[in-house]
Structures are given as C-alpha cells and as structure tokens.
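Below, chain A is the first sequence line, B the second, and so on; all start at residue 1.
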Amino acid sequence: MSIYDTLNTEQREAVLHTDGPLLILAGAGSGKTRVLTHRIVYLIEEKGINPWNILAITFTNKAAGEMRERVDQLVGFGAESIWVSTFHSTCVRILRRYIDLIGYENNFTIYDSDDQKTLIKDVCKLCGIDTKVYKERSLISAISSAKNEMITPDEYEMNTAGDFAKMKIAKVYHEYEKQLRANNALDFDDLLLKTVQLFQTQPQVLDYYQERFRYIMVDEYQDTNTVQFKLVSLLAAKYQNLCVVGDDDQSIYKFRGANIRNILNFEKEFEHARVIKLEQNYRSTSTILDAANAVIRHNVGRKDKTLWTDNGEGDKIKLCQFDTGYDEAEFIVGDIREHVREGIASYNDHAILYRTNAQSRLFEEKFVAANVPYKIIGGVNFYARREIKDLLAYLKTIDNGQDDLAVRRIINVPKRGIGLTTINRVQESAQQRELGFYEALGGLDLIPGIGRGAAKLESFVALIEYFKGLVDSVSISDLMKEIIDKTGYVELLEAESNEEAQARIENIDELMSKIVAYEDGCEEEPPTLSGFLEEVALVADIDNLDETSDYVVLMTLHSAKGLEFPHVYLAGMEDGIFPSYMTIMADDPEEVEEERRLCYVGITRARENLTMTFARRRMIRGETQYNKMSRFLKEIPMNLLTSGQLIEDEKPEIPTQQAYRQAKASFRTKAFSAKPTQQFTVSKGASLSYDVGDRVRHMKFGDGMVTQITSGGRDYEVTVQFDQAGTKKMFASFAKLTKV
DNA sequence: GTGCCTGCTCACGGG
DNA sequence: GAGCAGGCAC
C-alpha cells in the first residue's frame, strides 16, 4: 500500500500527470493541498526529479511553510531544496541576484503602501497636481493596475487618447517611476514587473531559471494577475511542465488585478493542457455544501462544476437576526463560550468572518468583557505602526542610503531641531545637483541658506555613518539596540510615561524579538539587513496565525481563503455590508459576482457548523444604518436553515402608513412645542425643503424617501429609505438633501 | 521650530 | 470614528 492509494481517482490522476501543462480545477475542500504535496513527493521519489528543479508558488508565506513541512514528512531527504514561496518572495530572491542587470542596485528597498502614498504625495507636489482633484488613492490604483497589466509609463501616455485625466496620470506615473528608481526602491507591483522585464531582456537569466525550474506548480491560480501569468509562462515556456491549481469560484482579488481569464483561458494559452476537476469535498457537511452551491449558482460565466460530499448531512445552518451589531457580537461570543463550556469544542475551533476589518471592533470589546481568548488577523499591520516604521527607516537608511523616504522620515525623529525649512532647502539642493537626499548632506557648504541647521545635519550624518560602520561587525539585533540607545528613542517614550507610549515601547520590544527570531531562523547563511527588511515587507497578517494556540480567530473573508474551521460565524450578512455598498452601486454586475464568490469562500470554510448573522441596524462611521438582510442569504434554500433567533419573513423596512403618521405627528409636536430651546430649532427646521414622505436626493446615496424626521438638539435627524443604498439616518445640515 | 487645535476627508479587500 | 494637513500661537 503506497501513499498514493489514499487518493481518489481524480486526485491520483493529477498526481501522476507530471509532464506537460495541467489545470486542476479544485473545488473548496477537495484536497488540493494534498494533491500538490503528493505530486511533489511523486516527482522526487518515483520520477527521480531533483528537488532543486521544483518550484511551488503559494499564496501566502504561511501556506509555503506548511507545504514544505508536509513534503518534508513524506520524502526521505531533499525537501529543503525545493523552492516553495509566494510570487513576491520568489521575485525578490531573483531580483536580489540579478536586478543590477536592469539598472538597480541589488540592495533595493521595498516600498509598502504607506511609502507609496508618501511618494505619490511628493510626486503630486512636484508635478503641481491638486490631490483634491486627483486623489492619491486613485492615482496609486491607476498606476498599480497599469503595472499589473505590464503597461509602461510611455505606453500609458500613448494610450491616453487626449483624455485629460489620463494624461495627468501618465505624468504622475512617469515621475513616480523616476523617483522609485532614484531611491533604488521597488513597490509591490514592481517586484513582479521587474522580474518579468529582467527575463525579457536578459535571455541568459531566463534560461538559467527555466533550466532550474523544470517543474512548476502554482496554487490559488484563480487569483493570479496578468504579470504573474506572464512570469509563470516565461518560466514554463521551455519545459511546459506547469501545473496550476485553482477554483474560479474562489477568485476574490479582482480589485488587485487578478485576472480570472488566466484560469478560464488556460486551455487556450497552453495547448494540450490536461484539465482535471476535483469535485469531491472532504471538508464540510452536505448541508453546508448545498448552501454554498446554491449561492454560487447565481453567478454566470463560471466553469461548470458541482461539489459533492459523502460526509453526512450534519446540522442545519443557523440564521440569526439581531437589532444591532452589538447584540450580534454578544450572541456570537456567548455562543462560543457555551460550546467551550459544554466541551463540544475548543476556542480555536471557532472563526468569526466578516467583510470589513472595522467590524472586528465590536467583537473585540465583547471578547475582552467575556474574558475569552481571541486573535484578530489583519487591521492595522504591526509594521505600519509609527514607532516600528521609524526604527525600520533607520535600518533602511543604513542599508540603502538612496532611499530618500526613509532618510526624510527619521532626519528629525526623535526631534533634533531640524525643521521643514531646512529639510526643504536640502531637498531643493539635492534636486538641483541631481543627488539623493542623503548624498546631498555630504556637501552641506554647498547648500545655500542652511545656516544654523548645518551643525545639526552634520551630527545626523555622523550618527548614520556610525551605524553604517557597525553593519558588518555586529548582528542586526545589536545594531537595533545601538540605534535605540544612541537616538534615545525608547528613553523619550519612557519619559512620556502614558499608556500610549507604553504600548509603543511594547511594540518595539516585539520588533526586537522579531529581529532575533529572524536571525535564529534565517535560511540564508549570514542574516542580512536587506534580508530582514525584505521579510518584514513581505509578511502578510495571516502568516501570524498559529492554529495550535487556543484562541478564537477573527478575520476578513479575504484572509480566510484557504483555511477551515469546525465552527464558522459569518457576521454582518447585510446588503450594504456584504455585498458591500460600493459593489451594489457599481454599474458592473461583475462586482456583485465577486462578492458572491467571497460568500462562497466564507461558507465553505466551515466543516461542521455554520452560523450566519445580521443586524437590523448598525453604527457605521458614527452613522446608524438600517440594512436589509444580505441578498446572498436569500439564495440559500430554506430547508437548509434554522433560525436561532426569531426570523419571520424579512421585516418590512419601510414604515407603515401608521408609522408615517406617528413620525409626522412627533415631528409636529416637537417642532411646534412651546419649549424655548426647541423654538430655536424650529426656525432651523422651517428651512427644510422636504417632509416625511417626500422623495429626496443625496449626493452619494441617490434617491430615496424620507421616512422620519426627528429633532436631535441643534439639528434635525432625517431618516431616508434610499432606493439602492438602504435606510440611513443623517443630520439634515450635513446630508444636503434636495427634494425631487 | 514645535505643539496644539480644528476642520476636513475618508472609511472594502491585501502582498 | 480616525488620521492628517493646515493654521495658529508660542
């Protein structure tokens, strides 16, 4: 009996098909990871392939680590020389070796989205672009999609077709690229794009990697974008041994460029590609699976497949409605506590999934109050915190003096009396002399008007040079200790002696232990500063999930991809939240389809129990919103559901005639009562051009009907039932509603 | 040059 | 509800 006997027919077929292109359409829970690991083992043990010749690309570092571990358990030796990593890590490794061939230095810096934003701001200032008209966010996303589609600034410029806005974007794109290059920095998209450009312009490098990676496997293929596809095609062009695994129904990253055509057209791109479908689900009960199938069936243009299972029917899916998000959180936390108390399950058997990170807050409150261990994945990234970014900027400055952003971040942190004026003078002088910012500090006497600032700048340079002198002789952790010591960073925080400063110090301690952990666990022979900074740049929040710790996990539906839990709660199942307001309002029906796929992902995370919850009203950014139950819930057949809380047919959200009268009456009594304080509001209210029952228009939410107007102190609180956006409560003076 | 206040904008997802 | 730019006083 061999390890391959445990696979089903299709799985075995996929494992044994080693040569030539192969597309595995693997439904949720169909054992694709098992197939991939067994395939690697088969290549090594049965086909005698050198592990060195195998490349496996996963979606997260965590998945990469797990895959290596599993292969390691199955093969005698050599697992460590298989190259298993994410697209981004793979590219960084290649670029660190060869990027000098396309005009960068090999110790380039990786810019995260914060750095990107800072740089774009600078660029806009430089190009005289008003960021009120052209939002940084949209500029970044325009540039990012261009890069994902491998459109260079020049090409972008040629395709503007006289479109004024596009010409502006082209200008920004040009300048942004110039600055990145000057800073010897790459953004996330560049990591992929530059690697493709490297391969396209340096045939000898491409040939080296084609020879090296004779067998290539790509997981989560449905979420690859155009440039990733190009990368894989280039690498696989010679030997054609490319195996991709994906599920078009789980494609949820269109917003960051994922191109679903990569999976739908695989057979066209790679002729003679073998296609194998894995449709048997080993994870969930049939009830859960039926619900998932029922939901996803509403999408058009998907590869036809139906998941089935011979797991039992299991429990029905619990559907619970609550008054507020607060009640929702309380119920879920209580439910989990009960499971644990009854010994049915442990904390880490439970996951709470939601659409947006902001939803985690209510849960956090309740978990703290209930003293239940929990872990929130995502939200504010550890490495995005100010103190961490500051200290890392020191490391970046020491590692790559060309990274102007890093230098400017720390030149006056902690405060050393170098103000904006001085910094701007240096900046100007640097530009004129075509030097980097830090370089320009070398010739202070050449900078006009620098005056008293010069001495301060000099001592800053001396400090950095001192650190640079340490790099080769001390470890990264010792270097960091020295930075903290010499700058007095922690000392200053200690002096503040408040809770916030204390939290920052704790974060710095955590950074120190992360550095030490890197040094201990580093695979590269001597741990390098660049190596550490790169690991920091490429970690995902989900990489920090530890399944062996006993805590309830909270995360977004996006983060949950690839995971599974016995008990899953899908919270906030409301139109406007999930599917999100933006996608409902979008003209493109594809947007709601992507949300539906996300729902499918969520449902299929559950092994035994699924609970879906929604609230009638909930506070969103300080505003009370009234949402209808999610359209996705209505797509689930009734016979699969049970109501944990009272559920009738959906409660009509539009108040009855009677309620109208009541609302109107209460408006009148309030408005015309004799209380002097309210007299004042009457005069205000008299200017309202609409009344209960009127149709009004809102700039963002569109048209709707006023259902209630109440006096809320200085202003009127108006409740409007919008045609598209649901019911919203807002202050009259802010809402700027017009009668239609 | 620094620190504080205010008002404004922005809130979907992430390597 | 939060973070940030810009204005202002010191």
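- Applying the salt bridge (charged side-chain N to carboxylate O under 4.0 Å, His left out) test to pairs two or more places apart or on separate chains, none has a residue in residues 576-585 of chain A.
- If you measure from atom CD1 of A/Ile57 to atom P of B/dG15, you get 16 Å, rounded to the nearest angstrom.
- Residue-to-nucleotide proximity on DNA chain B shows that, of A/Met582 and A/Phe59, the 5′-proximal contact is made by A/Met582.
- Between A/Ile252 atom CD1 and B/dG13 atom C1' there is a gap of 8 Å when expressed in whole angstrom units.
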Table please: side-chain donor-acceptor pairs of residues 408-417 of chain A below 3.5 Å, with sequence neighbours left out.
| from | atom 1 | to | atom 2 | distance (Å) |
| --- | --- | --- | --- | --- |
| A/Arg408 | NH1 | A/Gln427 | OE1 | 3.1 |
| A/Arg408 | NH2 | A/Asp122 | OD2 | 2.4 |
| A/Arg409 | NE | A/Asp390 | OD1 | 2.8 |
| A/Arg409 | NH2 | A/Asp390 | OD1 | 3.2 |
| A/Asn412 | OD1 | A/Arg416 | N | 2.8 |
| A/Asn412 | OD1 | A/Gly417 | N | 3.3 |
| A/Asn412 | OD1 | A/Ile418 | N | 3.2 |
| A/Asn412 | ND2 | A/Ile418 | O | 2.9 |
| A/Arg416 | NH1 | A/Ile410 | O | 2.8 |
| A/Arg416 | NH1 | A/Ile411 | O | 2.8 |
| A/Arg416 | NH2 | A/Tyr394 | OH | 2.8 |

Classify every nucleotide of nucleotides 1-9 of chain B by which part a protein heavy atom approaches to under 4.0 Å, writing B for the base, S for the sugar-phosphate alone and - for neither, in 5'-to-3' order. SSS------
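- Residue A/Asn61 is out of contact with every strand shown, counting any heavy-atom pair closer than 4.0 Å.
- Summarising the geometry, the separation between CD1 on A/Ile584 and C1' on B/dC12 is reported as 12 Å, rounded to the nearest angstrom.
- A salt bridge links A/Glu177 with A/Lys194; the closest basic N to acidic carboxylate O contact falls under 4.0 Å.
- Closest-nucleotide positions on DNA chain B for A/Glu591 and A/Asn148 were compared, and the one nearer the 5' end corresponds to A/Glu591.
- B/dG14 atom P lies 9 Å from atom CD1 of A/Ile542, rounded to whole Å.
- Both tests pass for A/Arg96 against the ring of A/Phe108: distance under 6.0 Å to the centre and angle within 45° of the axis.
- Mapping heavy-atom proximity under 4.0 Å, the span of DNA chain C touched by chain A runs 5' to 3' from C/dG1 to C/dA5.
- Minimum interatomic distance between A/Leu538 and A/Asp543 (heavy atoms only, all atoms of both residues): O-OD2, 4.3 Å.
- Non-hydrogen atoms lying under 4.0 Å from DNA chain B are contributed by A/Thr556, A/His558, A/Ser559, all within residues 556-564 of chain A.
- In this structure, A/Val539 and A/Asn61 approach most closely via the heavy-atom pair CA-ND2, 3.9 Å.
- Between A/Ile376 atom CD1 and B/dG13 atom C1' the separation is 17 Å, expressed in whole Å.
- Using a 4.0 Å heavy-atom criterion, one finds that A/Tyr253 contacts the sugar-phosphate atoms exclusively.
- For B/dG14, the OP1/OP2 oxygens have a side-chain nitrogen or oxygen of A/Asn357 closer than 4.0 Å.
- In the model, A/Asp403 has a side-chain atom that pairs as donor or acceptor with a side-chain atom of A/Tyr111 under 3.5 Å.
- For the pair A/Lys561 and A/Tyr253, the cation-pi test (distance below 6.0 Å, angle within 45°) is failed.
- A/Tyr221 and A/Asp247 are not linked by any side-chain donor-acceptor pair at a separation below 3.5 angstrom, with hydrogens and angles left out of the test.
- The side-chain tip of A/Arg68 does not point at the ring of A/Trp83 from less than 6.0 angstrom away and within 45° of straight on.
- By the ring pair (Phe, Tyr, Trp, His ring centres under 6.0 Å) test, A/Phe460 is found to be paired with no residue, residues two or more places apart in sequence or in another chain being considered.
- Taking atom CZ of residue A/Arg597 and atom C1' of nucleotide B/dG13, one finds them 13 Å apart after rounding to whole Å.
- Here B/dC12 presents its P atom at 15 Å from CZ of A/Arg618, a figure rounded to the nearest Å.
- In this structure, A/Phe578 has its ring center closer than 6.0 angstrom to the ring center of A/Phe632.
- In this structure, A/Leu545 places its CG atom 14 Å from P of B/dG14, rounding to the nearest Å.
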